[in-house]
Amino acid sequence: SGSGTSVSIICDDCSQTSIPIGFTFNYCGSSYTNLAACSNGFISLANSSSPPYVNSTASLGGISSGVGVLMPYWDDLEGFSSIPSFAYYTTTGTAPSRVFTMEWYNFGTWSGTSSCPSCPANFQVKLYESTNIIDFCYGSSTYSGRTATIGIANSSSDWQTLPDQGTSPTPSSTTFYSSTITTSPADGQVYRWSNQCSGTPSPGIVLATVPSGCSTFTSVLSLSGGPF
């Protein structure tokens with residue numbers, strides 16, 4: 001963690017656009033080569049610069065109508081130079097098996113009229129070439145009292161969100177959870193979103209099959225206890 005090309009989101013309610021993925025990533029039937037990352041804990045594959053801090057379906061609609069929004073921890077977050085916070089992206093591996101990683105490292109929080117640079121968390125989004133798998137990976141965290149959203153979306157009415165930050169939550173496409181995630185997922189936890197599931201899971205991996213989501217993207221959410 002903490003290495004790659006710097007992303008200019010060490011600030012409050014800010015985004016950086018046109019971050020190169022390094023390969024073509026397919027999501028819900030559309031192909032993407034660039035994306036935007038927001039200080040408030042989400043990615044826009046549609047390269048939207050909108051940085052809403054309120055995690056709601058109304059705000060989701062303002063991020064390019066919710067198209068291609070990946071939310072590892074959407075909440076009112078902030079990068080602080082005093083911690084210090086960092087944001088990085090990197091693309092590793094060789095074609096056709098490259099991996100793009102975006103990391104929020106030591107990101108603090110903002111709540112109402114007060115900020116908390118002393119309560120940071122670490123998390124990543126990983127995008128996989130060819131398989132188009134999405135991983136949300138979590139590191140150490142001191143978050144508490146949050147009202148975050150974790151999930152994926154492709155419009156303000158087409159999304160899957162998690163009800164909690166537990167070990168095997170079942171995503172919902174009918175309830176947009178925006179107040180039930182109060183802390184960060186455990187250190188080492190990985191949520192995986194994929195368009196297919198094949199083979200036999202390795203020991204120690206829990207799978208939760210999702211029956212619906214983006215109309216062209218059937219997801220499978222899995223948890224892996226591997227290192228962050």
Side-chain angles (χ1 to χ4, degrees), residues 1-16 19 37-43 51 53 55 70-92 99-112 114-128 133-152 161-169 171 177-193 202-206 208 221-228:
S1 62
S3 62
T5 301
S6 180
V7 180
S8 299
I9 56 172
I10 310 305
C11 39
D12 184 36
D13 302 335
C14 55
S15 294
Q16 179 175 320
I19 297 171
C38 181
S39 61
N40 290 320
F42 66 83
I43 276 175
Y53 64 88
N55 47 313
L70 310 180
M71 304 166 280
Y73 205 87
W74 185 13
D75 199 10
D76 196 0
L77 308 182
E78 184 172 355
F80 295 92
S81 58
S82 60
I83 297 180
S85 303
F86 299 100
Y88 299 98
Y89 74 88
T90 186
T91 302
T92 55
V99 180
F100 170 88
T101 302
M102 172 67 206
E103 179 171 5
W104 292 256
Y105 185 76
N106 278 350
F107 261 64
T109 62
W110 179 268
S111 180
S114 61
S115 61
C116 186
S118 62
C119 50
N122 307 302
F123 53 94
Q124 300 175 336
V125 171
K126 290 181 178 288
L127 308 179
Y128 294 82
I133 286 172
I134 301 164
D135 278 348
F136 294 167
C137 309
Y138 301 89
S140 60
S141 170
T142 56
Y143 284 174
S144 64
R146 307 309 306 164
T147 54
T149 296
I150 295 175
I152 61 174
T161 61
L162 303 188
D164 57 62
Q165 67 277 6
T167 58
S168 188
Y177 289 103
S178 59
S179 62
T180 56
I181 295 178
T182 57
T183 64
S184 183
D187 189 357
Q189 187 158 313
V190 177
Y191 295 134
R192 170 164 289 187
W193 310 83
S202 301
I205 293 180
V206 179
L221 175 68
S222 65
L223 163 69
S224 174
F228 176 69

**Study point:** Nearest-0.5 Å distance that lies between atom OG in S6 and atom OH in Y89
**Key:** 9.5 Å
Point to revise | Close side-chain approach of C38 and I9, heavy atoms under 4.5 Å | key: no
Check your understanding: Between V7 and A37, what is the shortest heavy-atom contact and its length?
Key -> CG1-CB, 4.5 Å
Check your understanding: Side-chain contact, heavy-atom cut-off 4.5 Å: P169 with P163?
Key -> yes
Practice item. Could you grab the distance from atom SG of C119 to atom CD1 of I83, nearest 0.5 Å is fine? Key: 7.5 Å
Check your understanding: Would a 4.5 Å heavy-atom cut-off, applied to side chains only, mark P171 and W193 as touching?
Key -> yes
Practice item. Taking all non-hydrogen atoms of both residues into account, name the closest pair between K126 and T101 and its distance. Key: NZ-OG1, 3.0 Å
Exercise for review: Please examine the side chains of F123 and S184, heavy atoms only from C-beta on, and report whether any two atoms are closer than 4.5 Å.
Suggested key: no
**Study point:** 4.5 Å side-chain heavy-atom contact, L127 and L70
**Key:** yes
Exercise for review: Give a yes or no on whether the backbone of F80 and the side-chain of S85 come within a donor-acceptor separation of less than 3.5 Å.
Suggested key: yes
Practice item. Dump the intermediate steps for side chain to side chain contact (heavy atoms under 4.5 Å, CB included) on T91 and V99, then the final yes or no. Key: CA-CA 5 Å; T91 302; V99 180; over 6 Å; no
Review point. Taking it one step at a time, do N55 and D76 satisfy side chain to side chain contact (heavy atoms under 4.5 Å, CB included)?
Key: CA-CA 8 Å; N55 47 313; D76 196 0; over 6 Å; no
Exercise for review: Begin from the C-alpha positions of D164 and T180 and carry the test side chain to side chain donor-acceptor pair (under 3.5 Å) through to its verdict.
Suggested key: CA-CA 6 Å; D164 57 62; T180 56; over 6 Å; no
Practice item. Go through the side-chain N and O atoms of N122 and S140 and say whether any donor and acceptor fall under 3.5 Å apart. Key: yes
Review point. Which pair of non-hydrogen atoms, one from L77 and one from D12, has the smallest distance, and what is that distance?
Key: O-OD1, 3.8 Å
Practice item. List the steps and the verdict of side chain to side chain contact (heavy atoms under 4.5 Å, CB included) for T161 and W74. Key: CA-CA 11 Å; T161 61; W74 185 13; over 6 Å; no
Point to revise | By side-chain contact (heavy atoms from CB on, under 4.5 Å) - contacts of P84 (at least two apart) | key: F86
Review point. What residues form a side-chain hydrogen bond (donor to acceptor under 3.5 Å, both in side chains) with Y128, not counting sequence neighbours?
Key: D135
Exercise for review: Working to the nearest 0.5 Å, report the span between CD of Q124 and OH of Y138.
Suggested key: 11.0 Å
Point to revise | Matching residue for V125 among Y73, W104, F100 - test: side-chain contact (heavy atoms from CB on, under 4.5 Å) | key: W104
Exercise for review: Search all heavy atoms of T167 against all heavy atoms of Q189 and return the closest pair with its distance.
Suggested key: CA-OE1, 4.1 Å
Study note, to complete from the structure: When rounded to the nearest 0.5 Å, the distance separating CE of M71 from CD1 of I152 is 7.5 Å
Revision key, fill the gap. Output for pair (D13 CG, W110 CH2), nearest 0.5 Å, gives 9.5 Å
Practice item. Considering non-hydrogen atoms only, spot the tightest contact between A87 and I10 and give its length. Key: N-CD1, 3.8 Å
Exercise for review: Could you please spell out the steps behind the side chain to side chain contact (heavy atoms under 4.5 Å, CB included) verdict for I181 and T149?
Suggested key: CA-CA 7 Å; I181 295 178; T149 296; over 6 Å; no
Practice item. Could you tell me which non-hydrogen atom of T183 sits nearest to which non-hydrogen atom of Q165, and how far apart they are? Key: OG1-NE2, 2.8 Å
Review point. Distance from E78 atom CD to N40 atom CG, nearest 0.5 Å?
Key: 9.0 Å
